[in-house]
Amino acid sequence: MQKRPLLGLTLAELQNVVKNLGMPGFSAKQIASWLYDKKVISIDDMSNLSLKHRGLLKEIYEVGAEAPMDAMRSVDGTVKYLYRTGEGHFVEAVYIPEEDRATLCVSSQVGCKMNCKFCMTGKQGFAANLTSHQIINQISSLPEREKLTNVVMMGMGEPLDNLDEVLKALEVMTASYGYGWSPKRITLSSVGLRKGLKRFIEESDCHLAISLHSPVPLQRRDLMPAEKAFSITEIVELLRNYDFSKQRRLSFEYIVFKGVNDSLTYAKELLKLLRGVDCRINLIRFHAIPDVDLEGADMETMTAFRDYLTSHGLFTTIRSSRGEDIFAACGMLSTAKQEENKGKLI
């Protein structure tokens, strides 16, 4: 019988585990401490549980910590890790060290259903949702985990399309029984799915980043098919109902494509769309991917775009590009080749 992982379980789920095994209720907090504070990799290491109770646990469960299968290192220090997530499935997570912080870009799905024109993950197609175990394992089994200061749910997949498991993982990251991180250390990025956006805002205090990429609905639909189901104007109207003026941050991601959305005409449309919304814009350089007829705007154009928005009261930054040489930059994650050649991976 394949054993079930404990890693990624919430305290409520651990309470059910110990109840079903006839263990004392306080054992749930002890197990949580071993998993998320002491970060053990074996039930045998949970020394304040009796031998009998460790034995009961081991009959059905394991910690479930699984080290990455492979790593690619960029010249800029970025590291892309490959994790196995079930039979024949893999995801990538990206560790981004900087002078004053270290960020992990975490995946929530194997592939993605959104099929954004500029994203390699979308070209891969959708294969599976990740469990909270598989999401948390990307953090727990990261070789640099003790250096982490921030997590961004911006890896493979659309987090709001797997919201139950993502919310469980976010609970583990922020709860006192788990990693105990401030929600300000975590940002979730989404195209803006109607079914999950409202719930995420109301059930989590983590930062939110919306993939915008064009303020013109017809053009955004061409770049992002999800626009058909939930338009950017509807997304912004929904967001107006919430207060982002305090600790929680709302940002919009905007990849700048040469000759597509890079003129000041689009900057003016952004100002109209976001008027009165407490937010910021992150401009992102486009990283070319195979078989996509888009080019990135040059830095001079991006700088002019940023300066125009900032001068009109919309705080705007140009996000630094990291890991492009190992296909770890924004929009470049894909495990299609690994899945095609899964028999060659050991």
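None of these values were measured; they are calculated from a predicted model.
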Whether [Y] and [X] form a salt bridge (side-chain N of Lys/Arg under 4.0 Å from carboxylate O of Asp/Glu) is what I want to check.
X: Asp164; Y: Arg199; result: yes
X: Asp291; Y: Lys123; result: no
X: Lys198; Y: Glu202; result: yes
X: Arg54; Y: Asp45; result: no
X: Glu158; Y: Lys113; result: no
X: Lys58; Y: Asp44; result: yes

Within a reach of under 6.0 Å around [atom1] of [X], are more than 12 heavy atoms found that belong to other residues, nucleotides or ligands?
X: Lys39; atom1: NZ; result: yes
X: Ile41; atom1: CD1; result: no
X: Lys3; atom1: NZ; result: yes

Are [X] and [Y] joined in one hydrophobic group, where the rule is that I, L, V, M, F, W and Y side chains link up if heavy atoms are under 4.5 Å apart?
X: Ile318; Y: Leu264; answer: yes
X: Leu57; Y: Ile60; answer: yes
X: Met224; Y: Phe126; answer: no
X: Met299; Y: Phe286; answer: yes
X: Val63; Y: Leu11; answer: yes

Return yes if some donor-acceptor pair links the side-chain N/O of [X] with the main-chain N/O of [Y] below 3.5 Å, else return no.
X: Ser204; Y: Ile201; value: no
X: Asn261; Y: Phe257; value: yes
X: Asp262; Y: Thr301; value: no

Would you compute the distance between atom [atom1] of [X] and atom [atom2] of [Y] and round it to the nearest 0.5 angstrom?
X: Ser214; Y: Leu270; atom1: OG; atom2: CG; answer: 8.0 Å
X: Lys38; Y: Gln30; atom1: NZ; atom2: CD; answer: 9.0 Å
X: Thr103; Y: Lys147; atom1: OG1; atom2: NZ; answer: 13.5 Å
X: Leu7; Y: Ile135; atom1: CG; atom2: CD1; answer: 11.5 Å
X: Leu9; Y: Arg4; atom1: CG; atom2: CZ; answer: 10.0 Å
X: His53; Y: Ile43; atom1: NE2; atom2: CD1; answer: 13.0 Å

Legend entry - Chi angles and distances behind the side-chain hydrogen bond (donor to acceptor under 3.5 Å, both in side chains) call for Asn129, Glu165: CA-CA 8 Å; Asn129 282 324; Glu165 296 300 311; over 6 Å; no
Inset, instruction - Report the C-alpha separation of Asn282 and Thr317 in whole Å, then their side-chain angles, then the decisive distance to 0.1 Å, and conclude whether the side-chain hydrogen bond (donor to acceptor under 3.5 Å, both in side chains) test is met. - result: CA-CA 5 Å; Asn282 292 322; Thr317 62; 2.8 Å; yes
If I compare all heavy atoms of [X] with all of [Y], which pair ends up nearest, and what's the gap?
X: Tyr179; Y: Ser140; result: OH-CB, 3.5 Å
X: Leu273; Y: Arg240; result: O-NH2, 3.2 Å
X: Glu171; Y: Tyr177; result: OE2-OH, 2.7 Å
X: Tyr95; Y: Ala102; result: OH-CB, 3.5 Å
X: Ser108; Y: Asn162; result: O-ND2, 3.0 Å
X: Gly8; Y: Tyr36; result: N-OH, 2.9 Å

Inset, instruction - Report the C-alpha distance between Asp307 and Thr310 in whole Å, list the side-chain angles of each, state the deciding distance to 0.1 Å, and finish with yes or no for side-chain hydrogen bond (donor to acceptor under 3.5 Å, both in side chains). - result: CA-CA 5 Å; Asp307 292 348; Thr310 299; 5.5 Å; no
Inset, instruction - Please lay out, stage by stage, how Glu253 and Ser211 fare under the test side-chain hydrogen bond (donor to acceptor under 3.5 Å, both in side chains). - result: CA-CA 5 Å; Glu253 298 163 322; Ser211 296; 3.0 Å; yes
Legend entry - Donor-acceptor side-chain pairing of Asn150 and Trp181 below 3.5 angstrom: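 No.
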Legend entry - Within-4.5 Å side-chain heavy-atom neighbours: Ile139 and Val172: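 They are not in side-chain contact.
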Legend entry - Phe118 and His213 aromatic ring geometry - parallel, tilted or perpendicular at 30°/60° bounds: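 Plane angle over 60°, so perpendicular.
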Inset, instruction - State whether Phe230 and Arg194 meet the cation-pi test: NZ (Lys) or CZ (Arg) under 6.0 Å from the six-membered ring centroid, and within 45° of the perpendicular axis. - result: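 Yes, cation above the ring, under 6.0 Å and within 45°.
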Legend entry - Evaluation steps, salt bridge (charged side-chain N to carboxylate O under 4.0 Å, His left out), between Arg248 and Asp243: CA-CA 8 Å; Arg248 189 178 202 176; Asp243 184 3; over 6 Å; no
Inset, instruction - Might you work through the salt bridge (charged side-chain N to carboxylate O under 4.0 Å, His left out) test for Lys117 and Asp293, ending with a clear yes or no? - result: CA-CA 9 Å; Lys117 184 176 181 179; Asp293 59 345; 3.5 Å; yes
Legend entry - Tyr266 ring center within less than 6.0 Å of Tyr254 ring center: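 For Tyr254 and Tyr266, the ring centres are not under 6.0 Å apart.
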